[in-house]
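First comes the structure, then the notes that go with it.
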Amino acid sequence: MKKRFAGIVLAAAVAAAGSLAGCSGSKPAKELEKIETTAGAGQESTETDAGNNKEAESKEADSPDDSLTKIQEAGVLKIGTEGTYSPYSYHDEEGNLVGFDVEIARLIAEKLGVKAEFVETKWDAMIAGLDAKRFDIIANQVGITQERKEKYDFSEPYTYIHGVLIVGKDNEEIKTFEDLAGKKSAQTLTSNWGQTAEGYGAELVGVDGFDQSIELIASKRADATINSQVALYDYLKQKPDAPVKVVATAGDPSIVGIPVRKGEDSLYKAVNQAILELKEDGTLTELSLKYFGVDITQE
């Protein structure tokens with residue numbers, strides 16, 4: 001009897017232990033295998049998704065831009081220019097937009113197989129207009145500087161312009177660029193010439209264009225301006241009695257190109273190729289002689 005009772009107690013103890021083990025969260029072997037298999041599948045799926053995402057990103061990064069295609073599909077190349085900067089970009093007596101840069105821009109558009117559409121813009125808003133995509137390129141004597149090259153791709157240079165220091169005819173105080181320190185220089189604020197004047201210590205007086213610079217000097221509201229030599233000569237053709245004179249000429253020329261937003265490689269390559277062709281076939285030289293009487297397209 002005692003032996004039978006002991007067997008019952010032992011059986012009960014084993015059953016209880018098995019029950020407690022089940023409550024502790026242990027799983028049968030088949031269930032554990034199922035969990036591990038599912039977890040492995042989830043990890044593999046995550047890794048596959050990540051791989052697919054990387055592949056998609058890589059394809060997107062490697063895909064060529066469609067900037068030129070969009071322009072050709074629209075049939076229009078939008079060009080930023082001043083329209084007040086003779087002889088580069090201005091209106092003739094009939095009101096037509098003409099000029100050295102205007103003709104070059106029309107020829108570029110022609111080589112791209114589209115029409116040229118000009119968006120006339122004040123110089124100090126020109127670069128911002130390109131950033132805002134109001135136009136595709138600028139044709140308005142944009143000097144190639146290191147700062148601008150960090151943000152835009154420039155075509156092959158198409159003009160080399162010497163800057164001149166212009167003052168009133170009766171001005172005897174300013175004879176060199178160094179004499180600009182503390183003087184007022186009439187400039188478009190974001191131009192190369194404006195930066196040059198500021199570099200010599202001048203206080204800039206903002207203007208909308210070259211003609212206004214000369215007017216401010218004549219009225220003694222500004223002491224001087226640094227600007228393009230050919231722009232001055234063109235101005236003097238129209239107004240030979242203008243009370244101004246040149247007192248100094250810059251040694252290094254300002255190098256000018258067509259800027260295109262970075263990342264628009266197909267458009268940049270097409271514009272650059274157009275400039276190279278116009279240079280090689282002598283068209284740039286012909287236009288320079290037409291507007292300036294000298295070739296400013298050679299270094």
Side-chain angles (χ1 to χ4, degrees), residues 57-58 60-71 77-82 85 88-89 100-101 104-105 108-109 112 118-163 177 180 185 187-202 204 206-210 226-228 231 250-279 284 296-299:
E57 289 174 3
S58 176
E60 185 177 346
D62 293 340
S63 62
D65 79 283
D66 58 354
S67 53
L68 179 60
T69 302
K70 285 181 177 179
I71 288 169
L77 176 68
K78 293 184 178 180
I79 303 148
T81 196
E82 276 183 277
Y85 193 27
Y88 303 106
S89 169
F100 178 71
D101 283 66
I104 289 174
I108 290 173
L112 268 57
F118 292 93
V119 182
E120 294 185 43
T121 306
K122 291 181 180 180
W123 170 259
D124 285 333
M126 195 82 68
I127 298 296
L130 184 61
D131 290 342
K133 298 187 176 182
R134 290 184 57 221
F135 26 82
D136 306 302
I137 64 172
I138 298 174
N140 202 94
Q141 293 296 293
V142 182
I144 302 174
T145 65
Q146 190 57 45
E147 182 181 0
R148 287 175 182 158
K149 283 170 67 177
E150 291 175 2
K151 195 171 182 181
Y152 311 99
D153 287 322
F154 277 87
S155 72
E156 179 79 8
Y158 66 97
T159 60
Y160 298 83
I161 304 297
H162 283 277
F177 288 100
L180 279 175
S185 192
Q187 311 286 163
T188 46
L189 301 179
T190 58
S191 67
N192 284 17
W193 308 124
Q195 292 173 8
T196 300
E198 202 167 27
Y200 281 109
L204 301 191
V207 298
D208 292 333
F210 179 75
I226 300 177
N227 221 295
S228 161
D252 296 326
S254 174
I255 302 172
V256 173
I258 301 287
V260 178
R261 288 180 293 268
K262 278 194 179 294
E264 299 186 356
D265 294 340
S266 58
L267 174 59
Y268 162 68
K269 289 176 182 177
V271 170
N272 192 57
Q273 182 60 35
I275 288 290
L276 287 172
E277 290 175 5
L278 292 171
K279 181 175 283 190
L284 290 184
I296 65 170
T297 67
Q298 304 296 324
E299 190 169 3

Rounded to the nearest 0.5 Å, how far apart are [atom1] of [X] and [atom2] of [Y]?
X: L267; Y: I71; atom1: CG; atom2: CD1; value: 4.0 Å
X: I258; Y: E156; atom1: CD1; atom2: CD; value: 12.0 Å
X: I108; Y: E277; atom1: CD1; atom2: CD; value: 11.0 Å
X: I296; Y: Y158; atom1: CD1; atom2: OH; value: 9.0 Å
X: N192; Y: E147; atom1: CG; atom2: CD; value: 10.0 Å

Let me see the working for W123 and V142 under side chain to side chain contact (heavy atoms under 4.5 Å, CB included), right down to the final yes or no.
CA-CA 10 Å; W123 170 259; V142 182; 3.9 Å; yes

Evaluation steps, side chain to side chain contact (heavy atoms under 4.5 Å, CB included), between S185 and W193
CA-CA 10 Å; S185 192; W193 308 124; over 6 Å; no

So which of T188, N227, D101 actually passes side-chain hydrogen bond (donor to acceptor under 3.5 Å, both in side chains) with Y85?
N227

Residue pair [X] / [Y], side-chain heavy-atom distance below 4.5 Å:
X: K151; Y: D131; answer: yes
X: E82; Y: Q141; answer: no
X: I79; Y: N140; answer: no
X: E264; Y: I137; answer: no
X: L278; Y: T297; answer: no
X: T121; Y: I138; answer: no

Test your reading of the model: is there a side-chain donor-acceptor pair from E299 to the backbone of Y160, 3.5 Å cut-off?
no

Test item: T145 side-chain N/O and G143 main-chain N/O as donor-acceptor pair under 3.5 Å
no

Over 12 non-hydrogen atoms of neighbours within 6.0 angstrom of NZ in K279:
yes

Within a 6.0 Å radius of atom NZ on K262, are there more than 12 heavy atoms belonging to other residues, nucleotides or ligands?
yes

Looking at [X] and [Y], what are the two nearest heavy atoms and their distance?
X: L284; Y: I275; value: CD1-O, 4.2 Å
X: L204; Y: A197; value: CD2-CB, 3.9 Å
X: V271; Y: S155; value: CG1-CB, 4.4 Å

Decide side chain to side chain contact (heavy atoms under 4.5 Å, CB included) for F100 and T159; before the verdict, give the C-alpha distance in whole Å, the side-chain angles of both, and the deciding distance to 0.1 Å.
CA-CA 10 Å; F100 178 71; T159 60; 3.2 Å; yes

Should the ring pair F154 and Y152 be called parallel, tilted or perpendicular, given that the plane angle runs from 0 to 90° and is split at 30 and 60?
perpendicular

Stepwise, does the side chain to side chain donor-acceptor pair (under 3.5 Å) test hold for S266 with D65?
CA-CA 7 Å; S266 58; D65 79 283; 3.1 Å; yes

Can Q146 and E150 be said to form a side chain to side chain donor-acceptor pair (under 3.5 Å), step by step?
CA-CA 7 Å; Q146 190 57 45; E150 291 175 2; 4.5 Å; no

Under a 4.0 Å N-O cut-off, is there an ion pair linking D136 with K78?
no

Using the test ring-ring contact (aromatic ring centres under 6.0 Å, His included), find all partners of F177 that sit at least two apart in sequence or belong to another chain.
Y200

Take S89 and F118 through the side chain to side chain contact (heavy atoms under 4.5 Å, CB included) test and state the conclusion after the steps.
CA-CA 10 Å; S89 169; F118 292 93; over 6 Å; no

